[in-house]
Amino acid sequence: MNKNIKIFLLVIFSTILIGTLIYFSSTFFSFFACYKAVQKLPEIKMEEYMRIKLYGNTSNQNENTVSATFTIVNTNGNEIASIERSWTGIYLQVDFVQVSMQNKSYFFPSVIYGKNRIYENLHSQKKMTNLSKYFNDNNQCFLLGVGATSTERKYLYWISQFALKRNPIFGFKYKKSISLDLSDCQRGRYYSIVCDEKGKLIVQEM
C-alpha cells in the first residue's frame, strides 16, 4: 500500500471518528440538559394544547389537498401561533411527542401532515409541517405563558429539544410519539386537543 493511499484512508477514518464523537456528544448533552431541566421544572398540565378548524378538501391535477387552521396555545390558553394552509392528502394528522421522566410528563406538538388513507403510516418529510419553530425561539419555549420566568422557559426549551430531535440512545425509554387522527373532524367546526383525566391526548369538538 503506497503512502498516498494510507494518508487517504487515515483521513477518512479520522473524519468518521470525529463525526461519531460529535454525534454522541451532542446526544448525551441533549439528554443530560433535559434531565436537569426536568429536575428543576414542575410538570406542566395544560388544559388545551391546540385548536383546529378544517375548511375542506380540493382536487387539482390528480392531487388531493385538505386545508385547515391549527392554533397553538400556551399554558394561559392564549394563542401563540396560527398555521393556516393546505396539505397534500384527504385527511390530516397531527403528531405530538411525550417526554416522561422522573414521574413527570411533558407534551410537545411535533408535526402536521396529510394522508390519503386513514391507516396510512408513511408520510414524506417534505410534506410535513414542523411545529417547534412556532413555540421555540432564542432558547426559550413559549408554551409557558404569562407568569413563567425566562429561566423556566429555558428549562422547557431543553426538554422540547430532547423531545423533538432524534435521540436513539435515550429516546426509546423516555419519549413516546402520539398520532392524533383528524379524519372524523367535520368541515367548518372547531376542535381542540386536550389532555383527559387519564393523561391521554384527545381531540374533542369545542
Side-chain angles (χ1 to χ4, degrees), residues 27 30 34 44 46-75 77-100 105-137 141-143 156-157 159-168 170-172 174-196 199-206:
T27 298
S30 175
C34 174
I44 298 171
M46 296 177 63
E47 293 184 2
E48 184 180 30
Y49 289 86
M50 186 177 286
R51 298 166 191 156
I52 305 162
K53 182 180 181 181
L54 270 67
Y55 298 115
N57 301 83
T58 58
S59 181
N60 183 24
Q61 296 180 348
N62 299 320
E63 182 177 71
N64 297 309
T65 60
V66 54
S67 58
T69 295
F70 290 81
T71 302
I72 300 173
V73 296
N74 62 19
T75 51
N78 297 324
E79 175 184 327
I80 58 174
S82 184
I83 305 102
E84 182 177 353
R85 53 159 289 185
S86 296
W87 288 265
T88 300
I90 299 175
Y91 308 103
L92 285 174
Q93 186 157 301
V94 56
D95 288 359
F96 280 70
V97 176
Q98 179 182 7
V99 173
S100 299
S105 287
Y106 307 84
F107 295 95
F108 300 95
S110 175
V111 293
I112 302 167
Y113 53 93
K115 55 184 184 177
N116 288 307
R117 295 181 299 275
I118 294 178
Y119 298 106
E120 180 180 3
N121 292 320
L122 298 177
H123 40 272
S124 171
Q125 289 279 356
K126 294 181 180 179
K127 297 180 179 180
M128 297 165 61
T129 300
N130 290 295
L131 300 176
S132 63
K133 63 182 178 181
Y134 293 102
F135 55 83
N136 279 339
D137 184 54
C141 182
F142 291 94
L143 292 176
L156 191 60
Y157 171 81
I159 299 171
S160 73
Q161 288 294 96
F162 173 75
L164 301 174
K165 291 187 176 181
R166 294 185 63 184
N167 194 314
F170 300 103
F172 74 96
Y174 297 103
K175 291 165 47 174
K176 177 183 177 182
S177 180
I178 301 168
S179 295
L180 297 172
D181 176 61
L182 306 179
S183 60
D184 289 333
C185 295
Q186 301 296 310
R187 181 177 62 184
R189 296 183 180 180
Y190 290 91
Y191 295 86
S192 179
I193 295 177
V194 299
C195 193
D196 67 12
K200 180 181 178 181
L201 292 182
I202 59 172
V203 181
Q204 65 179 23
E205 188 171 357
M206 297 177 66

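Hydrogens, waters and symmetry mates play no part in the numbers below; they use all other heavy atoms, side chains included. Position 1 is the first residue of the sequence, and the numbers go up from there.
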Would you give the length of the straight line joining atom [atom1] of [X] to atom [atom2] of [Y], rounded to the nearest 0.5 angstrom?
X: I52; Y: L182; atom1: CD1; atom2: CG; value: 4.5 Å
X: L131; Y: I112; atom1: CG; atom2: CD1; value: 4.5 Å
X: I90; Y: K115; atom1: CD1; atom2: NZ; value: 11.5 Å
X: I72; Y: Y49; atom1: CD1; atom2: OH; value: 13.0 Å
X: E205; Y: D184; atom1: CD; atom2: CG; value: 11.5 Å
X: L143; Y: N136; atom1: CG; atom2: CG; value: 7.0 Å

Check whether any side-chain heavy atom of [X] lies under 4.5 Å from a side-chain heavy atom of [Y], and answer yes or no.
X: P109; Y: F96; result: yes
X: L180; Y: M50; result: no
X: F107; Y: I44; result: no

Discussion item. Please evaluate residues K200 and I178 with respect to the criterion side-chain contact (heavy atoms from CB on, under 4.5 Å), reporting the C-alpha separation (whole Å), side-chain torsions for both, the decisive distance (0.1 Å), and the verdict.
Written reply: CA-CA 9 Å; K200 180 181 178 181; I178 301 168; over 6 Å; no
Worksheet item: Does the pair D181 and V203 meet the rule for a side-chain contact (heavy atoms from CB on, under 4.5 Å), with working shown?
Response: CA-CA 9 Å; D181 176 61; V203 181; over 6 Å; no
Discussion item. Looking only at the side chains, is there a donor atom on one of S132 and N130 sitting less than 3.5 Å from an acceptor on the other?
Written reply: no
Worksheet item: Would you say the side chains of Y106 and S160 form a donor-acceptor pair under 3.5 Å?
Response: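 No, no side-chain donor-acceptor pair sits under 3.5 Å.
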Please give me the minimum heavy-atom distance between [X] and [Y], naming the atom from each residue.
X: F142; Y: D137; value: CE1-O, 3.6 Å
X: S86; Y: T65; value: CB-CB, 4.4 Å
X: S179; Y: Q93; value: CB-NE2, 3.2 Å
X: A68; Y: L54; value: CB-CA, 3.9 Å
X: W87; Y: G114; value: CB-N, 4.0 Å

Worksheet item: Using the ring of each side chain (for Trp, its six-membered ring), is F135 parallel, tilted or perpendicular to F108, with breaks at 30° and 60°?
Response: parallel
List the atom pairs, with distances to 0.1 Å, where a side-chain N or O of residues 187-195 and a protein N or O form a donor-acceptor pair under 3.5 Å, not counting sequence neighbours.
unit_1	atom_1	unit_2	atom_2	d
Y190	OH	K53	NZ	3.3
Y191	OH	Q186	N	2.8
S192	OG	E48	OE2	2.7

Discussion item. Under a 3.5 Å distance rule, please check whether K176 uses its side chain to pair with a backbone N or O of S100 as donor and acceptor.
Written reply: no
